[in-house]
Engineer: 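Let me give you the structure first, and then I'll get to my questions.
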Amino acid sequence: MFKTTPPSLRYTLRVLARLLAYPDVQLFSELTPMVDALRMEQALPRARIDEIEQLCSHLATLGEWEAQARYVDLFDRGHKTSLHLFEHVHGDSRDRGPALVDLQQTYEKAGLMFDANELPDHLPVVLEFASTQPPEIAQEFLGEMVEILNAIFSALVHKDSPYASVIAAVLEVAGAKAHAVAIDPEPDMDETWMEPEAFIGCSTKGQSRPGAEQPVHFVRKSDLSNQHTGVSA
């Protein structure tokens with residue numbers, strides 16, 4: 001837990017976002033540079049960076065296909081380890097739709113247009129947005145999600161997943177301390193599950209695995225205006 005806010009969180013948050021995204025082929029060429037970036041920025045405790053380096057080595061050992069299969073099984077097939085934050089709060093209720101809209105408006109108020117195949121509450125998206133903000137604002141923004149993040153951390157610890165170290169790092173960036181709590185057993189997933197009709201208009205269509213995910217990114221509104229006027233940034 002930070003006693004003071006680090007002077008910079010930009011690269012740390014982007015690395016954490018990248019590690020929690022689907023492990024496409026490009027990720028494997030970025031593993032070493034990402035660890036180097038964490039060590040350079042020094043926003044995380046050394047022990048945590050060492051754990052993340054171990055995760056990177058683990059992914060490299062698994063290779064692309066096995067890493068992708070395990071990622072899907074871990075994050076896409078379980079509710080308690082889902083990286084869609086509002087799923088932990090609203091589940092499949094109609095309340096999730098307005099919450100997603102509010103979050104997207106938060107991005108827009110910061111001068112950014114959301115441009116990705118994921119939903120706005122996907123943790124890598126949230127972390128990438130936080131990386132564009134001053135450290136104090138980023139820490140406060142993530143601090144509002146501590147309870148959800150710790151629930152995900154606990155579920156990953158329960159599954160003995162090395163990804164738990166990444167969520168622990170996010171909690172530390174948020175000014176909190178990861179602590180595993182007891183969780184209820186998760187029921188088997190119904191293979192016929194489909195998104196409820198209430199989510200038409202904010203579905204996850206286009207996220208088929210593997211290989212369909214595009215890099216998450218935001219576009220500044222000023223850049224869009226320049227494109228329309230023909231003025232370069």
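Side chains are part of it too, since the values below use all heavy atoms of this structure and drop only hydrogens, waters and symmetry mates. Numbers for residues simply follow the sequence, beginning at 1.
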Engineer: Can you tell me how far CG of Leu55 sits from CG of Asp50, rounded to the nearest 0.5 angstrom?
Structural biologist: 13.0 Å
Engineer: Quick one: OG1 on Thr81 to CD on Glu87, what's the gap to the nearest 0.5 Å?
Structural biologist: 9.0 Å
Engineer: Name all residues meeting the salt bridge (Lys or Arg N to Asp or Glu O under 4.0 Å) criterion together with Arg48; count only those two or more places apart in sequence or in a different chain, and write none if there are none.
Structural biologist: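 Listed in chain order: Glu51, Glu172.
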Engineer: Strictly distance-based, threshold 3.5 Å: is any side-chain N or O of Gln68 a donor or acceptor partner for the main-chain N or O of Pro23?
Structural biologist: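 Yes, because the side chain of Gln68 sits within donor-acceptor range (under 3.5 Å) of the backbone of Pro23.
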Engineer: Can a donor-acceptor pair be found, under 3.5 Å and without considering hydrogens, that links the side chain of Asp76 to the backbone of Tyr71?
Structural biologist: no
Engineer: Is the closest side-chain heavy-atom distance between Glu128 and Leu13 below 4.5 Å?
Structural biologist: no
Engineer: So does Val125 get a backbone contact from the side chain of Glu118, meaning a donor-acceptor N/O pair under 3.5 Å?
Structural biologist: no
Engineer: Decide if atom OH of Tyr11 counts as having more than 12 heavy atoms of other residues, nucleotides or ligands within a radius under 6.0 Å.
Structural biologist: no
Engineer: To the nearest 0.5 Å, what is the distance between CG (Leu156) and CG (Leu74)?
Structural biologist: 5.5 Å
Engineer: Within this structure, what is the CG-CG distance for the pair Leu142 and Leu123, rounded to the nearest 0.5 Å?
Structural biologist: 8.0 Å
Engineer: Are the side chain of Asp121 and the backbone of Phe86 linked by a donor-acceptor contact shorter than 3.5 Å?
Structural biologist: yes
Engineer: Taking salt bridge (Lys or Arg N to Asp or Glu O under 4.0 Å) as the definition, give me every residue that meets it alongside Glu53, ordered by chain and number, with sequence neighbours left out.
Structural biologist: Arg39
Engineer: Which of parallel (below 30°), tilted (30 to 60°) and perpendicular (above 60°) describes Tyr107 and Phe129?
Structural biologist: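 It falls in the tilted class, 30° to 60°.
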Engineer: Under the salt bridge (charged side-chain N to carboxylate O under 4.0 Å, His left out) definition, can you give me all pairs with a residue in residues 12-21, not counting sequence neighbours?
Structural biologist: Arg18-Asp24, Arg18-Glu30
Engineer: Can you tell me how far the CD atom of Glu144 sits from the CG atom of Leu149, to the nearest 0.5 Å?
Structural biologist: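 Atom-to-atom, Glu144:CD and Leu149:CG are 11.5 Å apart.
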